[in-house]
Every structure is written in structure tokens, then in C-alpha cells.
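Before any comments, here is the structure.
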Amino acid sequence: MAVSKGLVKLDWLTIFFYFALVAIGWINIYSASLDDSATAFWDFNQIYTKQLLWIFLSIILIIFILAIEAKFYERFSSVIYLVSLLSLIGLFLFGKTISGATSWYAFGGISLQPSEFAKAATALALSKYLTDIQTDMHQFKDQLKAFLIIALPAILIIPQPDPGSALIYAAFVFPLYREGLHFVYLLLGFFAAALFISTLAFGTFWVVLTVVLIAGFLFFRKLKKRPNLFKYIVIVAACIGFSFSVSYIFNNLFEQRHRDRFNIVLGKEIDSKGIGYNTNQSEIAIGSGRWLGKGWTEGTQTKGKFVPEQHTDYIFSTVGEEWGFLGSMVVILLFVGLIVRVLFLAERQKNPFSRVYGYSVAAILFFHFFVNVGMVTGLFPTVGIPLPFFSYGGSGLWGFTILLFIFIRLDGANSYYGI
């Protein structure tokens, strides 16, 4: 009886966004993976049939998530996080290598990617820690522990190698900021990213010269107020040191394919047939869709398989080609609607654990959506980040489903029980 009453309190608008995105995603996977080898619609050798099976299994998973008592997720968040870390460690011993990354466990004909589930586990653990009565986000030691919770799974994912999945953990900075992390951390993060990109684009000399000129201008502008010269010297020295380190990081820590992708985006290289082929073909596909698109399954770029792996990370190019600008805007508005709705629900939570978890969900979804669409349209380098609920893959679909519906369950419990 309690479960049935609780279900009435579920946020059906969020659930609508979920199923709308999953349905539209499958429609585009069908078009992107359709070929002449299919003998029947229920041919399980076909990608779209496999994805449909994952969708049906996701419905069972949703029922299971909603049937569990909401307090379970908070009470056992640390255990779930620990199991997630162990699953990532286990990949180094028992993992299966697919497309150059040892990121999978193989169970017969099924492969599961634990990094997709680690995001929800990390969100639960971080939510538990931040809402602990002894945690104070104004204290450096507590900030350090929060960053460690976020960093551990990312550190285990990077060597697989899967830098795209590891990059997602940067999204957790936003719930930290909501819970009291000083704005200076966000400012430093954005400034470091801008300094990194500027050094790659224009070279160390011009970046250092710009930093010195800006610092000198600000110092002399405040000369009457007797500014702290030592502070300016430290800041300039740190910027110069970071700028000089960029070349080492770029040339020694990045793989050649990552360097090539950055150089192409920055306009330093033109390689429309090599490393930049995917992005170039994706841009052609999206641009050819114009306002209304070419029609479902009628995209010439899609049908001709010009965009490699189009049913996975580049699925949005199918949307652009076959549904045009109008269809692309519908998809974008659905994602924006879902993210804004989750933020709205998170802000109304009386339980701090649910609030932090809701902000984590919104941050992860936004980061995936923003980076993937930027990658497909050529604004960002290709980093292997899937589009939530769209890109083909059972692990990805299940991971995002778990992430979202745990929050829906928490929100429903808060609404019904008044927690």
C-alpha cells in the first residue's frame, strides 16, 4: 500500500522527459544502424533490436529501483560506492578490451561497462558525505575529502584508457558549489582551462606576455590604494609556470589521437580524412538537414554510413540530418527541460541528501549533453562521451536510468512522507 501511494507522488513530468528521450533515441538508433542484412524486425543481430531489448529491461530496472525503500540509497551509499570502486579495479584483472579500452566485463554475449554505473555510486557517496553533520565545506580538510571521493573513480577510469568517462567527474564541482564550495574554485577551474586552451592556440610566449600586461595594468590602476605587490608576483608566476607546463602535459600525457583532435578543433591542423574524419562527416550530415531534415531513414550521410559509429557517440548527427534544425531543437529542449526539472525538484527537497543527489544528477546530465553536442558539431574535440538516453549501449542506458530514477524515488519519498 505504501509503495502504491508513493508511486502517485512520483514526478511524472520527469518520467515523461525520460521516456520521450529514450523513444526518440531509439528511433534514431534504428535509422543509423539500419542495413540490408536484417532478415526481420526482431533480428537480434541488429543493433536497434538489441537496444530495444535494453529499453524493455530498463523498465524492469525502473520498477526495481522504485520498489526499494528510499532510505536504502542513503543508508547504503558508502557500500554502493565501495562496490563500484572494486568493480573498476577488477577491470585490470578481468576486463575485456573493446575498441582499445579495457572498460568492460563480458558475461557470455553481454558486456557491461562499470564506469557507467560508477557515476550514480559517486553521486550517492558524495551526497552522503556532504550532508554529514560533521562536514563543513568551508574547511579545507573537508573539501579535500569531497574531492577525493570524486577523484578516486576518475583515477581508476583514466588508465583503461577512457579519458572521456573520467572527464565527466568534473561535473561534481557544481553540487559542491551549491553546498558551499567557494566560488574561487570554479573561477580557478575555468581560468586554468582558458589558460590551457590559449597556450595551445597561441603559444606560451603570447600567453605569458598577455598575463604580464594584464597584471601590470591592474597593479598600476590600483597603485593609489597600495596593492600587495607580492600577491601579484605570485599570481603571475603561477600563471607563467602553468603555461610552460602545458607543453609537457600536451606532449607527454596526451595520446597522439588526443593531440590531433585538439589541433584540429583549434585550427592548427586540417585532417578531414584522418583523425578529423568523424567530426567532418558529422558536420556535413547536420548541415545537410537544413530546417526540416531529409526525413526518417532518408539521410544520405546516415544511410551511406559516412559517419563511423554514428549510433553511439555521434547519434546527434542523425537527428540533425533527418530531422533538421527543428528536430534538433526539440531534442535540445527536451534535454534542457529534463535538466531544469531535476534542478527544480532538487531545490525543493527537504532532505539535504536528496538535494545534493539531485544537483549531481543534473550536473552529470548537463555535462554529457553539452560536451556530446559540442563534440558532434565540431566545437569540442572528440573525447568519447555518449549522449544520455540516445547513444547505443545497454550499460549507458542502464547507468543513466539508475542515476535518474534513484532521484525520482528520493523525490517521491520526500513528497509522500514529508521527509
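All residue numbers in this chain count up from 1 along the given sequence. Basis for what follows: all heavy atoms, side chains included, without hydrogens, waters or symmetry-related copies.
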Does any non-hydrogen side-chain atom of [Y] lie less than 4.5 Å from one of [X]?
X	Y	answer
Thr14	Phe407	no
Phe17	Val340	no
Leu57	Trp398	yes
Arg409	Ile68	no
Tyr81	Leu152	yes
Trp12	Ile15	yes
Trp54	Thr401	no
Ile168	Ile157	no

Gap between atom [atom2] of [Y] and atom [atom1] of [X] - 0.5 Å precision:
X	Y	atom1	atom2	value
Leu176	Leu181	CG	CG	5.5 Å
Leu10	Ile62	CG	CD1	10.5 Å
Leu82	Ser84	CG	OG	9.0 Å
Leu209	Ile240	CG	CD1	10.0 Å
Ile65	Ile408	CD1	CD1	9.0 Å
Phe353	Arg75	CZ	CZ	11.0 Å

Nearest atoms (heavy-atom pairs only) where [X] meets [Y]:
X	Y	value
Ser127	Ser360	OG-OG, 4.4 Å
Lys96	Ser111	NZ-OG, 4.0 Å
Leu167	Phe367	O-CE2, 3.7 Å
Ser103	Gln160	OG-OE1, 2.6 Å
Lys128	Ser77	CB-OG, 3.2 Å
Ser354	Gln349	CB-OE1, 3.4 Å

**Q.** Contacts of type side-chain hydrogen bond (donor to acceptor under 3.5 Å, both in side chains), residue Gln139, not counting sequence neighbours
**A.** none

Q: Check side-chain hydrogen bond (donor to acceptor under 3.5 Å, both in side chains) between Thr210 and all other residues, then give those that pass, not counting sequence neighbours.
A: none

More than 12 foreign heavy atoms under 6.0 Å from [atom1] of [X]: is that the case here?
X	atom1	result
Phe64	CZ	no
Phe325	CZ	no
Phe147	CZ	yes

Q: Kindly state each residue pair satisfying salt bridge (Lys or Arg N to Asp or Glu O under 4.0 Å) with at least one member in residues 132-158, sequence neighbours excluded.
A: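 Sorted result for residues 132-158: empty, none.
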
Q: Write out all pairs satisfying salt bridge (Lys or Arg N to Asp or Glu O under 4.0 Å) with one or both partners inside residues 173-198, taking only residues at least two apart or from two chains.
A: Arg178-Glu347, Glu179-Arg355

Are the side chain of [X] and the backbone N or O of [Y] linked by a donor-acceptor pair below 3.5 Å?
X	Y	answer
Tyr169	Thr122	no
Gln113	Trp104	no
Thr135	Tyr129	yes
His368	Pro386	yes

**Q.** Qualifying side-chain hydrogen bond (donor to acceptor under 3.5 Å, both in side chains) pairs, either residue in residues 323-345, two or more places apart
**A.** Asp11-Arg341, Asn28-Trp323

Q. Is the Phe366 to Phe174 ring centre distance short of 6.0 Å?
A. no

Q: Step by step, work out the side chain to side chain contact (heavy atoms under 4.5 Å, CB included) result for Phe390 and Asn372.
A: CA-CA 11 Å; Phe390 264 66; Asn372 179 272; over 6 Å; no

Q | Check against side chain to side chain contact (heavy atoms under 4.5 Å, CB included), Leu338 and Phe369 | A | CA-CA 11 Å; Leu338 174 61; Phe369 161 70; over 6 Å; no

Q: Kindly determine whether Tyr105 and Phe94 satisfy ring pair (Phe, Tyr, Trp, His ring centres under 6.0 Å), including the steps that lead there.
A: CA-CA 7 Å; Tyr105 285 113; Phe94 310 107; 7.4 Å; no

Q: Assess whether side chain to side chain contact (heavy atoms under 4.5 Å, CB included) is satisfied between Gln51 and Ser33, documenting all intermediate values.
A: CA-CA 11 Å; Gln51 186 69 5; Ser33 60; over 6 Å; no

**Q.** Derivation of the side chain to side chain contact (heavy atoms under 4.5 Å, CB included) call for Phe19 and Ile59
**A.** CA-CA 10 Å; Phe19 279 106; Ile59 296 174; 4.3 Å; yes

Q: Let me see the working for Trp26 and Tyr30 under ring pair (Phe, Tyr, Trp, His ring centres under 6.0 Å), right down to the final yes or no.
A: CA-CA 6 Å; Trp26 182 85; Tyr30 177 87; 5.6 Å; yes

Q. Picking from Leu410, Val342, Thr131, Asn351, what satisfies side chain to side chain contact (heavy atoms under 4.5 Å, CB included) with Tyr357?
A.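 Result: among Leu410, Val342, Thr131, Asn351, Leu410 is the only option passing the side chain to side chain contact (heavy atoms under 4.5 Å, CB included) with Tyr357.
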
Q) Residues two or more places apart in sequence or in another chain: which of them pass ring-ring contact (aromatic ring centres under 6.0 Å, His included) with Phe344? A)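 For Phe344 there are no ring-ring contact (aromatic ring centres under 6.0 Å, His included) partners, ignoring immediate neighbours.
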
